[in-house]
Amino acid sequence: MGDALVRELMRVQLGLALRLAAVVAVALGGMPLLFTLWPAGTHVAVAGMPLPWLLLGVLSFPFLAGAGLVYTRLAERNEADFAALVGRPAERGTTG
Amino acid sequence: MNAYALLAIATVTVATVAIGAWGIRLVRGTSDLLVASRMVSPTQNAAAIGGEYLSAASFLGVAGLILAYGAQMLWYPVGFAAGYLALLLFVAAPLRRSGAFTLPDFCEARLASPRLRRLATAFVLFIGWFYLLPQLQGAGLTFRIVTGAPSWVGVVLVGAVVTGNVAFGGMRSATYVQAFQYWLKLFAIAVPAFFLLARWNDDGRPAIPVDDAWLAPAGGLVATYSLILATFLGTMGLPHVLARFYTNPDGGSARRTTTIVLGLVGLFYLFPTVYGVLGRVYTPELATGRNDTVVLLLPAAALGPGLAADVLGALVAAGAFAAFLSTSNGLLTSVAGVLANDVLGRGRLSSWGPLPLFRTAALFAGAVPMGLALAVHGLNVSQVVGLAFAVAASSFCPMLVLGIWWRGLTAAGAAAGILAGGGSAVVAVLWTIFVPPSPGLTADLLAQPAAWTVPLAFAVMVSVSLATRRRVPGAVGAMLLRLHAPETLHTPETQRKSETSRL
């Protein structure tokens with residue numbers, strides 16, 4: 001397997017991880033800043049709960065699990081693409 | 001004294017020992033002991049990871065902090081869960097493919113430096129013991145509330161059970177024990193929560209006493225972001241988390257396991273908030289007192305004396321004990337593994353053979369935190385655990401992330417970064433505990449050091465590596481191929497290497 005191919009796989013996988021990490025960092029990490037700049041937002045009630053409590057205490061957990069599911073799917077697809085590119089596992093003696 | 005609670009604690013303890021004993025009969029040798037022969041399915045492994053991860057901090061500490069300080073403390077459960085996402089995105093599959101069983105293993109496999117390995121060993125021991133301390137203290141606290149006996153009884157009880165279980169059962173029994181304890185903990189926190197909510201509803205939904213500071217999701221911005229950084233990045237550097245990953249057969253299943261863990265852990269963390277919020281109504285006096293007892297005391301306070309309160313109180317006590325037993329079990333297995341391999345195994349005892357060495361290490365690894373827990377008092381369970389996360393995030397997280405994704409990392413760079421970032425975090429942690437500074441920005445930066453120690457560790461690691469770039473390991477290309485290529489593409493040579501672990 002060529003060095004260039006491995007570099008390309010790493011670049012693609014790291015890009016995917018960084019993009020998903022950025023989405024989560026903005027969505028969750030933006031909250032302290034948002035509610036510091038918009039204190040009235042802490043009193044907005046949605047579904048009987050104050051907004052930050054609903055977002056952090058309830059919705060953040062399915063959000064994180066969903067991000068994990070999306071990442072696992074896409075990372076496996078990247079690996080499958082890579083495997084197709086370097087040849088089937090049965091031929092690894094000649095490509096490796 | 002609640003007789004049901006005592007019975008429940010006894011049952012959990014006996015069940016732990018019994019499942020451990022069932023594991024012993026299946027143990028065939030050291031590789032069984034340490035890695036459960038890697039025959040554990042993703043779901044069973046995920047439940048085991050969840051069981052091991054949900055500690056005294058999650059079961060008792062989070063609810064107490066929410067009761068006392070409100071929404072800004074929701075960052076603890078959110079961060080504890082998000083740590084698994086960071087682990088999944090940046091390290092899960094490559095780490096499994098590295099074949100490393102412990103963090104010092106990874107250091108040596110990736111950077112081929114015995115000195116770096118020794119440094120990593122010291123940090124594993126510090127983080128492991130620092131994390132075990134609040135588990136044992138939580139056990140003492142719970143035992144005192146349930147029985148009225150002095151705290152040291154609970155400390156010695158949990159310490160002895162876990163030490164015996166690790167020394168004579170090892171990792172395979174731990175896998176069964178941990179998976180069982182995840183479901184027990186979920187049941188023990190969820191069922192009383194529903195009864196408490198029903199009670200609150202029947203009482204005509206009394207208003208929850210709130211103020212602006214309690215409702216807001218950030219106290220100081222610096223402290224909040226520091227906590228976020230520590231918990232998001234600290235999980236991947238905890239010694240007991242990595243060992244559990246090694247029980248996955250390959251990188252792909254390590255990823256799937258982590259995804260299931262995210263779901264299981266997130267489900268659990270929906271419930272401590274219920275106790276924290278309803279505690280404002282039924283146990284307001286705990287907000288200014290021993291807030292980490294709210295989960296244990298709330299059922300009796302809300303439901304009034306009677307059978308229901310006793311049974312639910314027994315259930316939460318059982319869940320809390322499951323938390324101490326399972327987290328201590330995982331931590332002790334890892335600490336004992338590193339101690340046996342990197343400290344005792346290097347000395348005169350190396351002729352003992354792996355099994356007696358591991359057992360001796362387990363006895364020593366258990367005795368240290370027991371002694372500490374008996375000597376030190378009055379630390380908040382969640383905060384001490386938060387400090388352990390800060391040290392892990394400032395030492396092992398940068399080493400793992402750069403080691404997996406950057407060719408240019410050198411052993412000198414990794415060591416300098418771990419010393420600068422992790423070392424500063426250790427100093428800040430000890431300073432906060434022994435010489436609490438007066439409130440202010442300095443106190444925030446010492447109590448929650450991750451905001452500056454994590455960037456410091458990354459910066460030092462990268463710059464020292466660049467300065468020593470001629471010492472980049474020559475085999476780095478082959479190593480990165482092994483970390484990132486799916487197992488089906490590994491040549492017989494790399495395959496063989498990843499099967500061979502340094503036990």
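Just so we're on the same page: letters track the sequence lines, and every chain starts at 1.
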> Out of A/Leu55, A/Leu18, A/Leu34, A/Leu51, which one racks up the most heavy-atom pairs below 4.5 Å with chain B?
Replying inline: A/Leu18

>> Restricting to non-hydrogen atoms, name the atom on A/Gly57 and the atom on B/Leu270 that form the minimum distance, rounded to 0.1 Å.
In response: O-CD2, 3.7 Å

> Quick one: CG on B/Leu89 to CZ on A/Arg19, what's the gap to the nearest 0.5 Å?
Replying inline: 11.5 Å

>> Using heavy-atom distances under 4.5 Å, tell me whether A/Leu9 contacts chain B through its side chain, its backbone, both, or neither.
In response: side chain

> Among A/Leu20, A/Leu56, A/Thr72, which has the most heavy-atom pairs under 4.5 Å with chain B?
Replying inline: A/Leu56

> Can you say whether B/Ile404 sits under 4.5 Å from chain A via the side chain, the backbone, both, or neither, judging by heavy atoms?
Replying inline: backbone

> Taking non-hydrogen atoms and a cut-off under 4.5 angstrom, which of residues 36-46 of chain A neighbour chain B?
Replying inline: A/Thr36, A/Thr42, A/His43

> Measuring from B/His484:NE2 to A/Leu14:CG, what's the distance to the nearest 0.5 Å?
Replying inline: 8.5 Å

>> Using a 3.5 Å distance criterion without hydrogens, assess whether the side chain of B/Tyr225 forms a donor-acceptor pair with backbone atoms of A/Gly29.
In response: yes

>> Quick check: closest heavy atoms across B/Trp405 and A/Met10, and the distance to 0.1 Å?
In response: CZ3-O, 3.5 Å

> Do the side chains of B/Tyr269 and A/Ser60 get nearer than 4.5 Å, heavy atoms only?
Replying inline: no

>> Please classify the contact of A/Arg7 with chain B as side chain, backbone, both or neither, using a heavy-atom distance under 4.5 Å.
In response: both

>> With a 4.5 Å cut-off on side-chain heavy atoms, are B/Glu487 and A/Glu79 touching?
In response: no

>> Need one label for A/Leu28: side chain, backbone, both or neither, based on atoms under 4.5 Å from any heavy atom in chain B.
In response: both

>> Please classify the contact between B/Leu88 and chain A as side chain, backbone, both or neither, with a heavy-atom cut-off of under 4.5 Å.
In response: both

> Can you list the residues that meet the ring pair (Phe, Tyr, Trp, His ring centres under 6.0 Å) rule with B/Tyr84, with sequence neighbours excluded?
Replying inline: B/Tyr53

> Say you draw a straight line from CZ of A/Phe61 to CG of B/Leu267; how long is it, rounded to the nearest 0.5 Å?
Replying inline: 10.5 Å

> chain A: which of B/Ile260, B/Val210, B/Val261, B/Asp212 shares the most heavy-atom pairs with it under 4.5 Å?
Replying inline: B/Asp212

>> Do A/Trp53 and B/Val277 have side chains that approach each other closer than 4.5 Å (heavy atoms only, starting at C-beta)?
In response: yes

>> If I measure from the heavy atoms of chain B, does A/Leu16 come under 4.5 Å with its side chain, its backbone, both, or neither?
In response: neither

> What do the steps show when you test A/Tyr71 against B/Arg255 for side chain to side chain contact (heavy atoms under 4.5 Å, CB included), and what is the final call?
Replying inline: CA-CA 9 Å; A/Tyr71 171 76; B/Arg255 255 192 224 119; 3.9 Å; yes

Can you give the donor-acceptor pairs under 3.5 Å from side chains of residues 213-222 of chain B to other protein atoms, not counting sequence neighbours?
{"unit_1": "B/Trp214", "atom_1": "NE1", "unit_2": "B/Ile66", "atom_2": "O", "d": "2.9"}
{"unit_1": "B/Trp214", "atom_1": "NE1", "unit_2": "B/Leu67", "atom_2": "O", "d": "3.2"}

> chain A: which of B/Thr273, B/Val265, B/Leu74 shares the most heavy-atom pairs with it under 4.5 Å?
Replying inline: B/Leu74

> What distance do A/Leu64 atom CG and B/Thr259 atom OG1 have between them, rounded to the nearest 0.5 Å?
Replying inline: 12.0 Å

> Of all heavy-atom pairs between A/Ala65 and B/Leu262, which one has the smallest distance, and what is that distance?
Replying inline: CA-CB, 4.1 Å

>> Once rounded to the nearest 0.5 Å, what's the spacing between atom CE of A/Met31 and atom CD1 of B/Ile228?
In response: 9.0 Å

> Taking only residues two or more places apart in sequence or in another chain, which ones pass ring pair (Phe, Tyr, Trp, His ring centres under 6.0 Å) with B/Phe194?
Replying inline: B/Phe271

